[in-house]
Number of protein chains: 2
Amino acid sequence: MERIDYCLIALRRILRATEMHGKELAQAAGMTPVQLRVAQIVAETGTSTGGAIARRMHVAPATITSMIDKLERAGHVERQRSHADRRQTIIALTDKGQDALSRAPDALQQRFAAAFEALEDWEQAMIVAALERVATMLDAGEAERGAVLYPGEF
Amino acid sequence: MERIDYCLIALRRILRATEMHGKELAQAAGMTPVQLRVAQIVAETGTSTGGAIARRMHVAPATITSMIDKLERAGHVERQRSHADRRQTIIALTDKGQDALSRAPDALQQRFAAAFEALEDWEQAMIVAALERVATMLDAGEAERGAVLYPGEF
DNA sequence: ATCCATTAGTTAGTCTATCGAACCAAATAG
DNA sequence: CTATTTGGTTCGATAGACTAACTAATGGAT
């Protein structure tokens, strides 16, 4: 087998582990994976408008409206009309939402972080370099091919 | 910023690039991403039974039934009853399906492969080592925590 | 000052993916 | 030869996503 095959297999393992993990996490928080993602973005940005979340997640505004509906019905977030621009609705995490998020400790991230910290310095450096190399190889040309990056997007 | 943060950002870039790419590919094949995945598995295994695909993809049999329905309606695959065990239905790719798959050249994979092949030998080795290290760190404990691996699953 | 284009968000309707439960038919174990 | 297991399907429900049409607020340009 070629080296590149090992790469692809490893990448698929990474993808799969991440995805599986997302489901577990969401379970812990009592939401679906996508809802959790939305809630995390709201938490991360303090308060957010629907449009900002939509752009950040690369989905249509209508999708976010529906997600926020569900999160609101579950009491995880609240809508408030913006004073500055009354077209906007500000989304804020409720205490209950905060609570739910805290009940979803990012086990994967933590396990990874712990394992990573335990590595030798040179090995950490190697991994960072390799991951960035791979990321660049994978998303090269992304920008030119129509993917628009939005403010707040990485 | 810590080194681990760079890792996580690179990982997210990898995840995103892969996901975006899946959509493009599916578009090219005239299917949805999931349908493409199913078709690829059928192609890869020659012929497959529904159950095998379900286990391979970690979804419920009912889901595969519905996917196969769609692929069959689109003329991409065919169902045949197995002679050996008449409970089984064998899924086979049609010519049209084959064609659709070939129209979805795996651009990402190819771009990645090309970039990878162009690297120095030592760098290739480093990347393989790093990716496998990361994969192991991420999916460590996966097996114990109830994820069952099926034959044909890697 | 008023009209109009733009922007933010929602509503309605549609589609895909997914699941669990109930179910049928074939295979196999006692 | 029954009883159980296995493979797949049907059915109904739910989540996520999109488009198109709509409402409401903003902000220019005249």
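In what follows, chains are A, B, ... by sequence order, proteins preceding strands, each numbered from 1.
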Please determine whether side chain to side chain contact (heavy atoms under 4.5 Å, CB included) holds for the pair A:Val134 and B:Phe116, giving the CA-CA distance in whole Å, both sets of side-chain angles, and the decisive distance to 0.1 Å. CA-CA 9 Å; A:Val134 170; B:Phe116 186 80; over 6 Å; no
Going by heavy atoms in the side chains, are A:Arg81 and A:Gln88 under 4.5 Å from each other? no
Rounded off to whole Å, could you give me the [atom1]-to-[atom2] distance for the [X] and [N] pair?
X: B:Asp85; N: C:dA26; atom1: CG; atom2: P; answer: 10 Å
X: A:Ile90; N: C:dA8; atom1: CD1; atom2: C1'; answer: 11 Å
X: A:Glu19; N: C:dA17; atom1: CD; atom2: P; answer: 14 Å
X: B:Met31; N: C:dT16; atom1: CE; atom2: P; answer: 14 Å
X: A:Gln88; N: D:dA25; atom1: CD; atom2: P; answer: 13 Å
X: A:Gln35; N: C:dT18; atom1: CD; atom2: P; answer: 17 Å
X: B:Leu71; N: D:dG8; atom1: CG; atom2: C1'; answer: 16 Å
X: A:Asp69; N: D:dA17; atom1: CG; atom2: C1'; answer: 14 Å

I'd like to know if the side chain of A:Gln35 reaches the main chain of A:Met67, judged simply by a donor and an acceptor atom lying under 3.5 Å from each other, with no hydrogens or angles considered. no
Please classify the nucleic acid contact of [X] as base, sugar-phosphate, or nothing, using heavy-atom distances under 4.0 Å.
X: B:Ser66; value: base
X: A:Ala62; value: base
X: B:Ala84; value: sugar-phosphate
X: A:Arg81; value: nothing
X: A:Thr63; value: base

Between A:Lys70 and D:dG16, is there a side-chain N or O to OP1/OP2 distance below 4.0 Å? yes
Looking at A:Arg86, does any N or O in its side chain come under 4.0 Å of the phosphate oxygens OP1/OP2 on C:dG9? no
If you find the nucleotide of DNA chain D closest to B:Ile64 and the one closest to B:Lys23, which residue's nucleotide is nearer the 5' end? B:Ile64
Using the closest heavy atom to pick a nucleotide of DNA chain D for each, name whichever of A:His83 or A:Val34 lands nearer the 5' end. A:Val34
Sidechain N-carboxylate O distance under 4.0 Å for A:Arg56, A:Glu44: yes
Residue pair A:Arg13, B:Thr136: steps toward the side-chain hydrogen bond (donor to acceptor under 3.5 Å, both in side chains) verdict: CA-CA 8 Å; A:Arg13 279 173 66 198; B:Thr136 302; 3.2 Å; yes
Is any side-chain N or O of A:Arg87 under 3.5 Å from a base N or O of D:dT26, one able to act as donor and the other as acceptor? no
